[in-house]
Amino acid sequence: MRSKIVTILKFQEDVNKAVAAAKAAFERNSEWRTMSPASRGELILKLADLMKRDKEYLAALESLDNGKTYKNALHDVGFSIDVLKYYAGYCDKIHGSTIPSDGNFMTMTIKEPVGVVGQIIPWNYPLGMVAWKWAPALATGCTVVLKPAEQTPLTALVLAALAKEAGFPKGVVNVLPGYGPTAGGAIVQHPGINKVAFTGSTEVGNKIMEGVGQSNLKRVSLELGGKSPLVIFDDVDVDRAVEIAYGACFSNHGQNCCAGSRTYVQAGIYDEFVKKAAEKAKRTKVGDPFAEDTVQGPQVNQEMLDKVLRLIESGKKEGAHLQTGGCRKGNEGYFVEPTVFSDVKDDMTIAREEIFGPVQSILKFETLEEVIKRANDTTYGLAAGVLTNNITTALAYAKSVRAGSVWVNCYHAFSPQAPFGGFKQSGIGRELGEEGLKEYLELKTVSIKV
Ligand SMILES: NC(=O)c1ccc[n+]([C@@H]2O[C@H](COP(=O)([O-])OP(=O)(O)OC[C@H]3O[C@@H](n4cnc5c(N)ncnc54)[C@H](O)[C@@H]3O)[C@@H](O)[C@H]2O)c1
Ligand SMILES: CC1=C(/C=C/C(C)=C/C=C/C(C)=C\C=O)C(C)(C)CCC1
């Protein structure tokens with residue numbers, strides 16, 4: 001008990017130090033606050049350039065730390081660089097407006113950085129999430145204290161070193177590895193932090209809202225879990241649909257908040273789709289993340305392996321038809337056989353819970369109206385997809401599905417310019433795009449008597 005209290009106090013002390021550094025860097029006359037917006041942009045661009053210089057090293061470290069394939073990790077580094085570059089361009093374009101208010105006043109708005117930001121990120125995109133969190137925060141002139149996931153702290157620490165090399169003033173970025181309830185909890189409760197940005201599970205998202213309510217009502221943005229539906233109509237090319245559905249569900253070993261993990265297939269092509277989807281999953285090369293031909297590496301750790309296997313067992317018990325996979329792969333490491341279930345029903349656990357593993361659940365539907373209802377029958381609302389050649393069907397679905405991103409005839413169509421975030425219990429606020437910038441700004445109204 002005594003050693004637990006000492007550990008918690010130690011984390012509190014570390015968080016206090018990081019917050020003090022970030023606060024000092026945010027002082028009114030600090031180097032960071034008096035720097036021109038264009039120079040801020042140059043620093044962000046420099047960081048992006050350094051990441052490009054070290055991209056192979058960053059990707060290798062990410063792969064070692066997380067288990068994702070080296071090839072995927074290289075994509076993540078590339079996308080992270082794009083996000084930094086996109087927000088670097090915003091630094092000198094953040095401005096308010098003038099408002100024709102009643103009376104003899106000239107009224108204007110000014111957009112200001114929210115202040116010291118606590119950022120808590122997960123293990124599935126360790127480096128990508130740092131870029132998504134830092135880029136808009138730094139573009140607006142905030143200072144940050146970031147806690148990487150305890151499973152994957154390495155690339156965030158290297159990015160901190162690169163930020164130093166790029167020339168960011170002392171205290172602007174702080175990286176504090178640690179556990180969730182202790183280090184993360186101390187960030188959430190800290191009175192010196194003005195906003196917390198979180199990506200992770202809906203369960204922890206709830207705790208963050210509680211912590212914020214109990215402390216200083218920080219600004220909050222949350223990017224949480226999902227159980228996203230991909231709906232496939234029978235007017236599509238089945239082979240192409242199988243490929244897109246595979247990418248939607250299995251990319252990053254299924255460890256993706258927006259994974260298309262409920263695959264709804266229209267009755268006319270259902271049997272053919274199931275057969276081909278199972279064949280595709282069966283062909284997946286699972287193994288060494290550094291091997292050129294590997295498509296799927298291990299899950300992140302024992303806990304996640306156990307969770308995925310437990311949910312696969314629930315699918316078998318509850319009567320879904322196992323088409324392929326269904327077991328751990330080998331006896332070493334955290335590898336899971338790519339698994340496909342057909343005849344899945346909406347009330348089965350595998351159709352309701354976020355699995356975060358390589359498990360595809362295929363459900364049959366007949367009509368658009370029916371599938372819209374079923375797609376929306378979830379507490380989540382992060383993403384959704386639809387494959388069809390009928391534009392009216394695509395638009396009707398896109399307008400009716402309650403999700404933050406809808407991908408038509410594609411999936412995971414991320415771009416730095418396009419806002420991303422959840423409806424319902426998938427989150428609060430948006431990342432990426434101009435909307436993502438707003439999450440780090442306070443709006444001030446100034447009225448001048450004339
Ligand atoms: N939406 C996503 O991007 C995402 C990412 C990872 C995991 N998940 C889901 O969450 C499940 C659990 O995974 P996990 O344990 O890595 O996610 P998590 O939500 O527990 O962890 C995410 C981050 O929050 C921190 N954290 C945990 N408890 C905290 C607390 N009380 N206060 C402050 N910070 C805290 C963690 O240290 C980590 O940095 C997974 O099975 C998956 O379903 C979702
Ligand atoms: C899946 C692909 C990519 C990126 C995925 C990202 C950035 C996922 C982010 C997930 C988040 C925010 C949270 C939960 O998991 C690319 C763009 C790197 C490459 C194509 C495939």
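Both ligands and their constituent atoms are indexed starting at 1 by order of listing. As the structure is a computational prediction, the values presented were derived from the model and not from experiment.
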Name each N or O atom in ligand 2 that is under 3.5 Å from a protein N or O, and give the partner atom and the distance.
unit_1   : atom_1 : unit_2 : atom_2 : d
ligand 2 : 15 (O) : Asn124 : ND2    : 2.6
ligand 2 : 15 (O) : Asn256 : OD1    : 3.4
ligand 2 : 15 (O) : Cys257 : N      : 2.7

Would you please say whether a donor-acceptor pair under 3.5 Å links the side chains of His190 and Asn16? yes

With only distance considered, is Gly184 within less than 3.5 Å of ligand 1 through an N or O on each side? no

With heavy atoms and a 4.0 Å threshold, my read on which part of Phe198 contacts ligand 1 is side chain

Show the atoms of ligand 1 that are less than 4.0 angstrom away from any heavy atom in Asn124. 3 (O), 5 (C)

Atom 18 (P) of ligand 1: of Gly254, Ser201, Gly211, the nearest heavy atom sits on Ser201

Please check if the number of heavy atoms outside Arg53 that lie under 6.0 Å from its CZ is greater than 12. yes

Under a plain distance cut-off of 3.5 Å, with no hydrogens placed, do Lys68 and Asn252 share a side-chain donor-acceptor pair? yes

Given Thr143, Leu162, Leu43, the one that forms side-chain contact (heavy atoms from CB on, under 4.5 Å) with Phe168: Leu43

Residue of the set Val265, Asp239, Val236 for which side-chain contact (heavy atoms from CB on, under 4.5 Å) holds with Phe273: Val265

Just checking, any donor-acceptor pair under 3.5 angstrom between side chains of Thr199 and Lys133? yes

What protein heavy atom sits nearest atom 44 (C) of ligand 1, and how far away is it? Phe356 CZ, 3.4 Å

What is the closest protein heavy atom to atom 13 (O) of ligand 1, and at what distance does it sit? Trp123 NE1, 3.7 Å

Check the surroundings of atom NZ in Lys93: do more than 12 heavy atoms from other residues, nucleotides or ligands lie under 6.0 Å from it? yes

Would you mind checking which non-hydrogen protein atom is closest to atom 27 (C) of ligand 1, with the distance to 0.1 Å? Gly180 CA, 3.5 Å

Closest by any non-hydrogen atom to atom 22 (C) of ligand 1: pick that one out of Thr199, Ile208, Val204. Thr199

Establish, yes or no, whether the cationic atom of Lys195 lies under 6.0 Å from the six-membered ring centre of Tyr440 and within 45° of the ring axis. yes

May I ask you to check if Lys280 and Tyr246 form a cation-pi contact, with NZ or CZ under 6.0 angstrom from the six-membered ring centre and within 45° of the axis? yes

If you have a sec, work out which protein heavy atom is nearest atom 38 (C) of ligand 1 and how many Å separate them, to one decimal? Ile121 O, 3.4 Å

Going by atom types alone, do Thr152 and Asn66 pair a side-chain donor with an acceptor below 3.5 Å? no

What is the closest protein heavy atom to atom 2 (C) of ligand 1, and at what distance does it sit? Cys257 CB, 3.5 Å

List ligand 1 atoms under 4.0 Å from Pro122, heavy atoms only on the residue side. 5 (C), 6 (C)

Any side-chain donor near an acceptor of the partner, Gln296 and Thr284, under 3.5 Å: no

If we count only N and O atoms by modelled type, under 3.5 Å, do the side chains of Tyr334 and Asp306 hold a donor and an acceptor together? no

Could you name the option among Lys307, Glu150, Gln151 that has the heavy atom nearest to atom 41 (O) of ligand 1? Lys307

With backbone taken as N, CA, C and O and side chain as the heavy atoms from C-beta onward, which portion of Ile187 lies under 4.0 Å from ligand 1: side chain, backbone, both, or neither? neither

Which atoms from ligand 1 have a heavy atom of Lys207 less than 4.0 Å away? 31 (N)

What I want to know is whether Tyr179 and ligand 1 share at least one N or O pair that is separated by under 3.5 angstrom. no

Nearest protein heavy-atom contact for atom 43 (O) of ligand 1: which residue, which atom, what distance? Glu354 OE1, 2.8 Å

Which residue holds the protein heavy atom closest to atom 25 (C) of ligand 1, what is that atom called, and what is the gap in Å? Ile120 CG2, 3.6 Å

Of all the heavy atoms in Met304, does at least one lie under 4.0 Å from an atom in ligand 1? yes

Looking at Gln302, I want to see if its CD is surrounded by more than 12 non-hydrogen atoms of other residues, nucleotides or ligands under 6.0 Å. yes

Parallel, tilted or perpendicular, judged at 30° and 60°: which one describes the rings of Tyr411 and Trp407? perpendicular

Less than 4.5 Å apart, any side-chain heavy atom of Val220 and any of Met209? yes

Please work out, at 4.0 Å between heavy atoms, whether the side chain, the backbone, both, or neither of Asn256 comes within that distance of ligand 1. neither

